[in-house]
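The analysis underlying the following values was restricted to heavy atoms, covering all of them including side chains, and did not include hydrogens, waters or symmetry mates. Residue numbers start from 1 in every chain, and the chains themselves are labelled A, B, ... in the order their sequence lines are given, proteins ahead of strands.
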Amino acid sequence: MTCKILYGGDHNPEQWPREVWDADHAAFALARIDTVTLGVFDWALTQPSEDVYDFALLDEIVEVNAAAGLKIVMATGTGALPPWLAHAHPEVCRTDFEGRRHVYGQRHNACPSSPVFRRLSAALADQVARRYAGHPALVAWHVGNEYGGACYCEHCAAAFREWLRERYGSLDALNHAWNATFWSHTFSDWEQIVPPNALSEHWRGPNHTAFQGITLDYLRFTSDAMLANFVDEKAAIRRHDAAVPVTTNFMGMYRPIDYHRWAPHLDLASWDNYPPDEKSHARMALTHDLMRGLRGGAPFWLMEQTPTTTASRDVNPVKRPGVMRLWSWQAVAHGADAVLFFQMRQSRGACEKYHGAVLDHAGRTDTRSFREVAALGAELEHLGDAALGARTPARTALLFDWDSWWAVEISDGPNRHLRYQAIVTAYHRALWQAGVQLDVVPVTADLSGYDVVVAPLLHMVKGDLAQRLEAVVARGGSVLTTFLSGRVDRCDNAFLADVPGPLKELFGVRVEETDAQPPEVANPVQLDGVLAEGRLVFELLVPEGAEVVGTYGADFYAGTPAVTRHRAGGGGEAWYVGTSLDDDGVAWVVRRVVDRHGLTGPYADVADLELAVRERDGVRTAFLLHHGEKPVDVPAHAGGTDLLTGRRIAAGEALHLEPTEVIVLREDA
Amino acid sequence: MTCKILYGGDHNPEQWPREVWDADHAAFALARIDTVTLGVFDWALTQPSEDVYDFALLDEIVEVNAAAGLKIVMATGTGALPPWLAHAHPEVCRTDFEGRRHVYGQRHNACPSSPVFRRLSAALADQVARRYAGHPALVAWHVGNEYGGACYCEHCAAAFREWLRERYGSLDALNHAWNATFWSHTFSDWEQIVPPNALSEHWRGPNHTAFQGITLDYLRFTSDAMLANFVDEKAAIRRHDAAVPVTTNFMGMYRPIDYHRWAPHLDLASWDNYPPDEKSHARMALTHDLMRGLRGGAPFWLMEQTPTTTASRDVNPVKRPGVMRLWSWQAVAHGADAVLFFQMRQSRGACEKYHGAVLDHAGRTDTRSFREVAALGAELEHLGDAALGARTPARTALLFDWDSWWAVEISDGPNRHLRYQAIVTAYHRALWQAGVQLDVVPVTADLSGYDVVVAPLLHMVKGDLAQRLEAVVARGGSVLTTFLSGRVDRCDNAFLADVPGPLKELFGVRVEETDAQPPEVANPVQLDGVLAEGRLVFELLVPEGAEVVGTYGADFYAGTPAVTRHRAGGGGEAWYVGTSLDDDGVAWVVRRVVDRHGLTGPYADVADLELAVRERDGVRTAFLLHHGEKPVDVPAHAGGTDLLTGRRIAAGEALHLEPTEVIVLREDA
Amino acid sequence: MTCKILYGGDHNPEQWPREVWDADHAAFALARIDTVTLGVFDWALTQPSEDVYDFALLDEIVEVNAAAGLKIVMATGTGALPPWLAHAHPEVCRTDFEGRRHVYGQRHNACPSSPVFRRLSAALADQVARRYAGHPALVAWHVGNEYGGACYCEHCAAAFREWLRERYGSLDALNHAWNATFWSHTFSDWEQIVPPNALSEHWRGPNHTAFQGITLDYLRFTSDAMLANFVDEKAAIRRHDAAVPVTTNFMGMYRPIDYHRWAPHLDLASWDNYPPDEKSHARMALTHDLMRGLRGGAPFWLMEQTPTTTASRDVNPVKRPGVMRLWSWQAVAHGADAVLFFQMRQSRGACEKYHGAVLDHAGRTDTRSFREVAALGAELEHLGDAALGARTPARTALLFDWDSWWAVEISDGPNRHLRYQAIVTAYHRALWQAGVQLDVVPVTADLSGYDVVVAPLLHMVKGDLAQRLEAVVARGGSVLTTFLSGRVDRCDNAFLADVPGPLKELFGVRVEETDAQPPEVANPVQLDGVLAEGRLVFELLVPEGAEVVGTYGADFYAGTPAVTRHRAGGGGEAWYVGTSLDDDGVAWVVRRVVDRHGLTGPYADVADLELAVRERDGVRTAFLLHHGEKPVDVPAHAGGTDLLTGRRIAAGEALHLEPTEVIVLREDA
């Protein structure tokens with residue numbers, strides 16, 4: 001149906017008088033906008049009271065937009081509760097981590113376990129789907145909005161107990177899983193179990209629990225409970241529409257929701273890209289890859305990004321000239337088949353009043369911001385279907401695991417300053433700078449297609465993962481992991497064995513002690529040709545088969561191994577890094593690993609010049625994206641045609657890229 | 001009745017045995033103390049239970065003090081609830097921002113909407129007024145104490161709904177005002193509205209709301225609800241006394257209460273001066289002027305200050321020698337007709353045990369502190385009625401607006417580091433250093449008497465303000481405003497127009513983008529002869545009539561305008577400053593503005609030497625106050641007589657002022 | 001019964017399968033472990049429901065351990081509530097400072113005033129004691145575990161009112177004690193009194209109260225309420241066993257519990273040593289002495305320490321080689337007759353999963369950590385009964401007072417940055433470095449045996465303390481105190497007299513003003529030969545008999561006294577230090593004081609080399625403990641035999657000590 005990358009975003013005509021609708025469409029035409037998301041926050045509009053549905057205005061909005069030639073992403077409208085619902089049924093509001101029952105306000109405000117909410121949200125989805133299924137403009141269904149947060153109410157407590165019963169079967173199994181004998185916690189009745197929060201197991205904040213087992217299970221339960229909300233609505237949609245893809249907008253590396261558990265239930269992955277700062281290019285690449293990895297490498301949609309500024313941050317800078325374009329092309333380079341904004345016209349009031357939009361409060365189309373939006377629209381139109389549906393040809397996998405994320409951050413000891421994302425992004429950044437085409441996959445993924453598997457902070461080891469990693473090495477591949485890996489089983493109980501537990505054979509190393517130091521303390525790590533630094537955690541390693549690649553330079557363990565490599569039969573290698581290395585150290589290790597497999601990219605030594613490739617039917621489209629602050633000159637890695645300009649580029653030809661410059665090179669066959 | 005500046009302060013004989021009363025009066029006589037405030041916290045004393053009033057001890061206190069020749073400021077005694085009231089009627093206690101119903105404790109503890117509290121507080125005021133009205137020693141009524149804080153209980157919720165009904169008339173109007181369509185917030189019944197707090201619209205703290213409209217209205221409602229408490233008590237007093245002025249002690253720049261909305265209900269303004277640090281001389285000048293501005297420039301009372309130290313701060317230094325005197329004269333210089341302390345004798349126990357007092361725990365009169373109090377008493381006695389009732393001859397107005405304060409600080413975007421007070425005090429400091437005689441007035445003030453109007457961060461523009469500012473310029477005057485002005489209407493909705501909305505014509509400039517950066521990032525701003533720095537917010541300005549006065553030096557908008565001046569017909573000028581300039585930058589702009597009107601003072605170039613003037617019947621009394629740490633030598637700006645020493649001073653005569661030195665110059669006619 | 005220092009620790013076989021028990025015992029034998037603490041968290045095990053006790057497993061554990069030759073410290077098992085109890089009786093859970101009723105979780109979770117908890121905890125202790133009293137392996141009873149925290153529920157409110165009635169007798173007395181007239185707080189019915197917390201008197205955190213009197217009393221009440229829990233269980237034990245000592249594990253300098261009020265109820269003091277960092281040697285010495293001081297100098301037990309790492313800190317380093325041994329010997333040197341670990345085998349799951357243990361998750365006995373444990377076991381066995389029961393021969397007392405701790409830290413003014421522990425540890429550190437043999441005693445202690453009494457921050461002066469301090473000086477001794485001493489009576493009301501109130505005569509000095517400055521501001525203090533710095537609080541002193549020893553160098557009080565010495569009849573000296581001196585200043589003052597009495601130790605000038613002495617029947621055992629990071633060479637202070645090596649050492653012989661080295665010198669008679 002679509003023959004180009006979709007371009008547009010959230011559109012809220014219901015917030016504006018009719019004359020503004022016309023101005024919107026005139027502007028959309030200028031900017032080659034072809035897609036709008038409608039009705040994300042329309043519950044109060046379409047169901048003004050429990051017994052009444054009223055689609056008059058939404059019908060009109062749909063028709064007017066369709067008439068303007070726009071494709072429609074239709075929301076079910078359950079992104080926020082309407083006031084009447086919270087007032088009539090206080091149970092639909094959440095109880096927070098502090099145990100406080102909330103009243104009406106904000107969004108993300110529905111208890112996922114509330115029977116009333118589940119009934120009425122599914123009913124609304126049913127109404128919306130019944131009404132708009134089959135509409136020719138429809139390109140996707142958008143369920144809810146940015147699922148997240150948590151609830152700790154009595155409904156959730158009951159649902160949690162039910163979830164636990166299904167998972168554990170018996171209280172004996174549960175008590176064993178949670179190591180309940182410790183601190184006299186043996187449960188003798190399911191009803192004794194209460195959600196872990198500030199009023200029960202948590203002694204400081206969400207990461208400080210007395211019992212990791214219950215907290216970890218509540219994180220899983222919360223993710224599942226919200227997934228059930230999505231599934232409720234999707235089922236309602238599928239009663240009326242068997243074909244149009246159903247999605248919801250994810251939030252990238254968002255800790256509360258395990259997107260890997262959600263992914264099988266979505267027809268396509270989509271996400272909202274609001275990076276924390278202007279230097280997030282590597283991080284965005286990682287997140288795009290993570291989102292693409294949710295659905296086995298299939299293209300995803302960039303469901304939201306701001307054309308100019310955010311509003312909810314403490315400081316909200318404008319995107320510099322060219323940056324919105326550069327980041328949009330980066331999304332496409334990593335697999336996006338849609339580039340959508342939040343939102344079309346800047347809010348008149350409330351908390352997104354200063355969030356940027358395609359059209360500002362004055363509706364001007366002669367601003368820098370609008371001109372950039374329109375220019376990108378023209379480019380995307382020009383590109384047509386060139387890369388549509390194309391895939392990333394990756395031979396390297398980065399493992400990403402919500403369970404390990406949760407487990408390592410709710411752990412008491414060894415070091416609270418440790419953050420899962422910090423370690424994963426450090427290894428990813430090194431891979432990204434090396435120009436490695438990469439998949440980011442769950443720990444359950446089939447690893448047989450990869451030459452290199454990088455698994456930082458693989459704290460929890462579940463199922464047959466150790467065997468699958470061993471298989472990579474057995475066939476000549478490389479595996480890399482770090483300190484604090486192989487520590488706990490799926491219940492967060494320690495392996496009663498040498499560390500790193502089930503990974504010990506693979507890496508040929510044993511951890512005898514785990515030291516920790518405050519962030520300001522570094523221990524030099526001598527690698528071949530590089531003197532790096534370790535921080536935070538320092539494992540004292542005893543090689544049992546592995547060779548020593550790097551050693552600590554200080555403290556009572558000076559001279560002992562910090563980094564090891566285990567050469568196994570089959571020519572494979574298993575690297576173990578016993579401390580949190582600095583960027584130089586991580587880069588050194590990563591380059592040793594990927595170089596051996598010839599996976600290093602052609603621009604690996606040019607800082608911030610990204611090369612991302614999509615491939616379809618044997619045709620490679622290479623995206624050169626210059627994130628740096630200074631121009632660079634490089635020889636072209638391949639010959640081909642720049643699809644944006646039509647310019648022919650010869651292999652090895654000198655390319656000059658200004659900051660934010662983009663080349664979309666259709667490589668010669 | 002009074003023929004000199006009142007001198008004294010809070011006196012609590014009910015906390016002491018009789019023998020201490022006599023010691024107090026002996027000390028008062030030494031210090032020329034002539035005025036005491038009685039009974040601020042006497043509710044538990046005068047109404048020991050709901051059915052019983054008992055004025056025996058208070059009667060005695062009043063008589064003993066009157067007999068000692070002291071004037072009396074009589075409190076209604078409602079400054080704190082008595083325990084029996086909270087115990088019998090839990091509803092009188094507040095529910096806090098977190099939604100927690102409080103129990104008995106502290107002060108500032110009454111729910112302003114509680115029917116029980118309103119009934120009993122008014123009844124107590126009635127009893128007190130009935131009893132002491134007409135007493136010859138009475139000089140003022142003091143209602144409540146330091147009104148402040150907020151409550152979020154069900155009584156307040158109901159009162160808020162009533163307040164909204166009166167303000168908006170219909171839910172349609174309210175939904176429009178709050179932009180309720182956004183996030184599905186359309187209210188269909190008044191009962192659905194709940195106070196905005198941590199359990200409803202606020203996602204972080206009091207400044208982080210999802211809906212600015214409801215939060216802003218709740219701030220206004222809270223101010224009004226407490227005003228109703230004051231009005232209740234004042235009405236009770238007026239039933240017995242038609243003449244003696246009624247006041248309550250304000251707290252200067254206190255965000256929770258919009259004193260401009262209260263001012264018409266007071267007979268005289270009074271306030272408690274507890275500056276944040278020892279370098280607050282300019283800030284105190286601003287606050288004195290703000291308080292004087294409440295009642296159209298009429299003299300105010302300094303109701304409280306500490307003679308030595310505070311206790312409630314993290315760090316409580318003593319006032320250095322001479323500082324208490326200097327600051328007392330500063331108050332008089334800015335319009336105070338009373339100089340009162342908190343308190344006469346240091347508390348024996350509880351949280352003000354270490355708060356300074358005229359008499360310490362040992363009751364010594366040979367301490368430095370007491371000697372300074374006594375010396376000031378002698379000076380005030382010596383001054384007699386010299387400046388009493390005199391007014392500040394100001395041709396410059398500084399606009400101060402609680403609505404803008406609230407709106408800019410509860411805003412999501414562009415920069416949470418921005419503080420209204422920081423910007424206002426920066427502009428005031430420049431005016432103060434320039435020696436400009438100044439009024440600080442509300443945005444509703446008549447501006448026709450001013451040559452210069454300075455309106456920093458005029459975020460919200462209401463009513464005919466834009467026209468009144470235009471009129472200033474039209475008659476040759478100057479108006480100055482800054483970034484983030486002219487953004488929102490009275491409901492905090494963005495003007496659907498070019499920024500700065502209704503101010504655009506006046507300033508001849510359009511804001512196309514608003515950049516923000518963290519506090520540590522500066523952008524150089526080149527002004528004529530000064531290289532200043534901008535921070536926090538950077539507006540990208542497009543002149544539409546204005547000339548460029550300063551330009552940015554860095555970032556992608558280097559070379560574009562940062563400061564503009566619009567010369568309009570009539571010779572007036574409208575200055576627009578697009579970023580938060582450093583002190584040098586602000587001073588440069590402010591001097592350009594006031595110099596043109598000849599409003600710069602004679603000591604503008606002498607740091608920290610303040611000149612404040614009061615004028616009565618054509619006679620000017622000039623207060624020279626040296627706040628600096630080093631002595632200064634200056635030529636006298638005028639001839640006259642130093643009222644403190646009787647010394648003749650000739651115009652141009654060399655004056656030498658030591659740190660903290662004060663000259664009160666009755667200028668020659 | 002014991003003929004050597006007990007060695008072992010917490011042992012939790014109930015958390016492990018039987019095969020692990022055998023491995024444990026094999027390892028204990030290797031490490032000469034002879035003592036285990038059993039059943040600390042066994043409530044859920046031994047009382048699986050309200051009506052059922054089941055000791056089958058615990059019986060087996062006791063028998064197996066006794067059969068292995070281990071001595072048993074038997075816990076009553078009330079260290080944490082079982083789930084069924086919280087579920088059946090929600091009242092047993094605490095209500096926190098924020099007023100939130102908790103539900104089941106963690107430990108330290110019982111309301112001390114709950115009738116249900118008091119009944120059932122005593123009943124469990126009764127059951128345990130009935131069962132195991134008379135067991136030949138039993139060496140002590142261990143009640144509860146690490147008592148601490150606080151509760152603010154209705155049961156506690158009622159108990160608090162009862163406690164107040166007993167203390168004050170009448171509301172008049174209570175109102176006077178709390179200075180209730182201030183802020184209208186006069187209570188007219190006991191029922192009006194509510195616990196002071198975030199919902200009542202506290203305006204920021206636990207240290208920020210409007211009424212110090214009620215907060216101080218609630219701290220005392222809380223300590224007493226938990227003591228009542230201990231006493232409940234001890235009484236139950238004593239019904240079955242009249243002889244075996246009963247203890248509970250204290251936590252050193254733990255603010256919430258006034259251990260001096262508890263001490264008379266214990267048969268022996270024991271404590272858990274988890275120092276905040278690796279540089280805590282002086283602090284641990286202080287805490288050991290404080291614990292020893294609880295029971296008049298009798299030996300105490302080190303009930304817990306970690307062999308390797310903690311888990312609950314933000315950063316949990318391993319103990320460096322030799323450190324566990326060094327610190328264990330330090331405990332013995334200061335009076336410990338038991339050296340016990342938490343715990344024997346590392347937890348499988350939950351929040352202590354990464355807390356170190358004698359045996360790690362793999363149960364290895366070839367690790368550095370286990371080898372050090374085993375080596376120490378051998379040494380302790382070798383030492384035998386050599387120092388058992390011996391006492392510290394101290395002629396110097398350091399006063400430690402929970403009331404002053406509480407009072408100074410809940411005070412409004414003069415300086416919130418002031419911490420009681422910081423000042424006490426500063427003076428202790430100077431005494432410790434000077435090698436002074438020291439007792440740490442309560443303010444009620446008999447001081448007649450001491451030449452020197454050091455009483456830093458003696459904020460509250462109760463009973464006849466002033467007279468007892470005067471008596472020290474009268475017989476030629478020395479007394480030292482600091483700023484903010486002698487300020488308040490036992491109700492925290494200011495003395496209505498010159499500061500330092502009842503201490504003024506002794507010190508011959510009067511405080512006229514108390515200045516305070518932020519931590520970054522220093523004022524030089526000139527002492528004879530040392531230029532030190534004062535911070536935080538600066539008292540302006542007027543000598544009334546004392547001589548000036550040090551003067552301030554800056555601010556308006558430059559040149560006025562900062563340190564004074566009052567030489568009284570009898571040759572004694574009373575030192576007063578008016579500011580928080582830096583380490584150099586404190587050391588200078590302390591050395592002047594102790595040198596005069598010949599109490600300075602032989603290694604006073606060797607940094608971090610500790611000499612601690614125990615004496616029994618005239619035999620002195622001197623422990624030399626080298627805490628420094630570099631080796632030192634010193635002449636032996638006495639001749640004797642190193643009990644660890646058998647080596648003879650001659651007086652004056654050159655000793656070389658490596659870092660962490662220990663010599664246990666049985667001195668020649």
Side-chain angles (χ1 to χ4, degrees), chain A residues 98-100 177-189 191-203 208-214 411-417 487-488 491-499 501 510 512-519 521 536 538 540 555-556, chain C residues 12 14-16 20 40-45 48-49 77-84 86-88 93 96 98 100-109 308-318 320-321 346-356 360-364 366-369:
Chain A
E98 309 289 324
R100 303 174 301 190
W178 291 356
N179 196 33
T181 315
F182 173 75
W183 289 4
S184 201
H185 266 49
T186 308
F187 294 94
S188 55
D189 189 310
E191 292 302 310
Q192 293 162 6
I193 300 168
V194 291
N197 66 7
L199 303 187
S200 58
E201 295 296 357
H202 284 255
W203 51 275
H208 291 76
T209 177
F211 277 78
Q212 277 66 22
I214 187 173
S411 175
D412 256 29
N415 198 323
R416 287 278 176 189
H417 297 279
R487 295 288 184 128
V488 297
C491 298
D492 196 55
N493 285 309
F495 293 114
L496 299 178
D498 288 334
V499 175
R510 169 168 72 82
E512 188 172 304
E513 300 189 57
T514 303
D515 194 27
Q517 294 292 333
V521 175
L536 296 178
F538 308 89
L540 277 62
D555 220 317
F556 73 92
Chain C
N12 296 293
E14 67 276 20
Q15 297 177 15
W16 300 96
V20 172
V40 173
F41 293 109
D42 273 0
W43 197 337
L45 174 70
S49 67
T78 54
L81 297 171
W84 62 260
H87 187 245
C93 295
D96 66 20
E98 310 288 324
R100 305 173 300 189
R101 161 76 67 188
H102 282 228
V103 291
Y104 185 68
Q106 308 180 58
R107 57 176 179 137
H108 300 137
N109 46 13
T308 59
T309 72
T310 52
S312 61
R313 303 289 166 74
D314 284 354
V315 178
N316 301 275
V318 296
R320 271 47 199 156
Q346 198 166 15
S347 278
R348 191 171 57 93
C351 66
E352 291 183 354
K353 180 177 73 221
Y354 292 131
H355 186 103
D360 66 15
H361 288 127
R364 298 186 78 106
D366 62 352
T367 60
R368 173 182 74 88
S369 160

Exercise. Is it the side chain or the backbone of C/P48 that comes within 4.5 Å of chain A heavy atoms, both, or neither?
Worked result: backbone

For this session: Hey, could you give me the NE2/CD distance between A/H208 and C/Q106, rounded to the nearest 0.5 Å?
Result: 11.5 Å

Seminar exercise, completed: Under 4.5 Å to a heavy atom of chain A? For C/D314 that would be both

For this session: Below 4.5 Å from any heavy atom of chain C, which atoms of A/Q517 appear? Answer side chain, backbone, both or neither.
Result: both

For this session: May I ask you to decide if C/C351's main-chain N or O and A/Q212's side chain share a donor-acceptor pair within less than 3.5 Å?
Result: yes

Exercise. At what distance, to the nearest 0.5 angstrom, does NE2 of C/H108 lie from CH2 of A/W183?
Worked result: 7.5 Å

Exercise. Who wins among C/S49, C/P317, C/C93 for the most heavy-atom pairs under 4.5 Å with chain A?
Worked result: C/P317

Exercise. Tell me, do A/D515 and C/R320 make a side-chain contact under 4.5 Å, heavy atoms counted?
Worked result: yes

Seminar exercise, completed: Looking only at C/P82, C/G356, C/G349, C/G77, the option with the highest number of non-hydrogen pairs under 4.5 Å against chain A is C/G349

For this session: Working to the nearest 0.5 Å, report the span between CG of C/L45 and OG of A/S184.
Result: 8.0 Å

Exercise. What part of A/D555 is in contact with chain C, defined as an atom under 4.5 angstrom from a non-hydrogen atom: side chain, backbone, both or neither?
Worked result: side chain

Problem set entry | Rounded distance [0.5 Å steps], CZ in A/F182 versus CD in C/E352 | 3.5 Å

For this session: Decide yes or no for A/N179 and C/K353: does some side-chain heavy atom of the first lie under 4.5 Å from some side-chain heavy atom of the second?
Result: no

Problem set entry | With C/D360 via salt bridge (Lys or Arg N to Asp or Glu O under 4.0 Å) - residues at least two apart | none

Problem set entry | Proximal component of A/F538, with respect to chain C [non-hydrogen, under 4.5 Å] | neither

Exercise. Considering only heavy atoms from C-beta outward, does the side chain of C/T367 approach that of A/E513 to under 4.5 Å?
Worked result: no

Exercise. Charged N to carboxylate O below 4.0 Å: is that the case for A/E512 and C/R368?
Worked result: no

For this session: Counting only heavy atoms closer than 4.5 Å, note whether A/V499 contacts chain C via side chain, backbone, both or neither.
Result: neither

Problem set entry | Under the salt bridge (Lys or Arg N to Asp or Glu O under 4.0 Å) test, residues paired with C/R348 that sit two or more places apart | none

Exercise. For chain A, which of C/S312, C/P321, C/G363, C/S369 has the most heavy-atom pairs under 4.5 Å?
Worked result: C/P321

Exercise. For the atom pair CH2 (C/W84) and CG (A/D189), what is the distance rounded to the nearest 0.5 Å?
Worked result: 13.0 Å

Exercise. Which word best sums up how the rings of A/F187 and C/Y104 line up, parallel for under 30°, tilted for 30 to 60°, or perpendicular for over 60°?
Worked result: perpendicular

For this session: Name the option with the most non-hydrogen atom pairs under 4.5 Å to chain A; the candidates are C/A80, C/P83, C/G79, C/A44.
Result: C/P83

Exercise. A/A198 versus chain C, heavy atoms under 4.5 Å apart: side chain, backbone, both or neither?
Worked result: both

Problem set entry | Pick from C/N109, C/D42, C/L81, C/T310 with the largest number of heavy-atom pairs that fall under 4.5 Å of chain A | C/L81

For this session: Sort A/T514 into side chain, backbone, both or neither according to what part of it lies under 4.5 angstrom from a heavy atom of chain C.
Result: backbone

Exercise. Going from CZ on C/R364 to CG on A/D498, what distance comes out if it is rounded to the nearest 0.5 angstrom?
Worked result: 4.0 Å

Problem set entry | Portion of C/H87 that has a non-hydrogen atom of chain A nearer than 4.5 angstrom | side chain

Exercise. Which one of A/S411, A/P519, A/A177, A/P414 has the most heavy-atom pairs closer than 4.5 Å to chain C?
Worked result: A/P414

Problem set entry | Under 4.5 Å from any heavy atom of chain C - which part of A/T186 | both

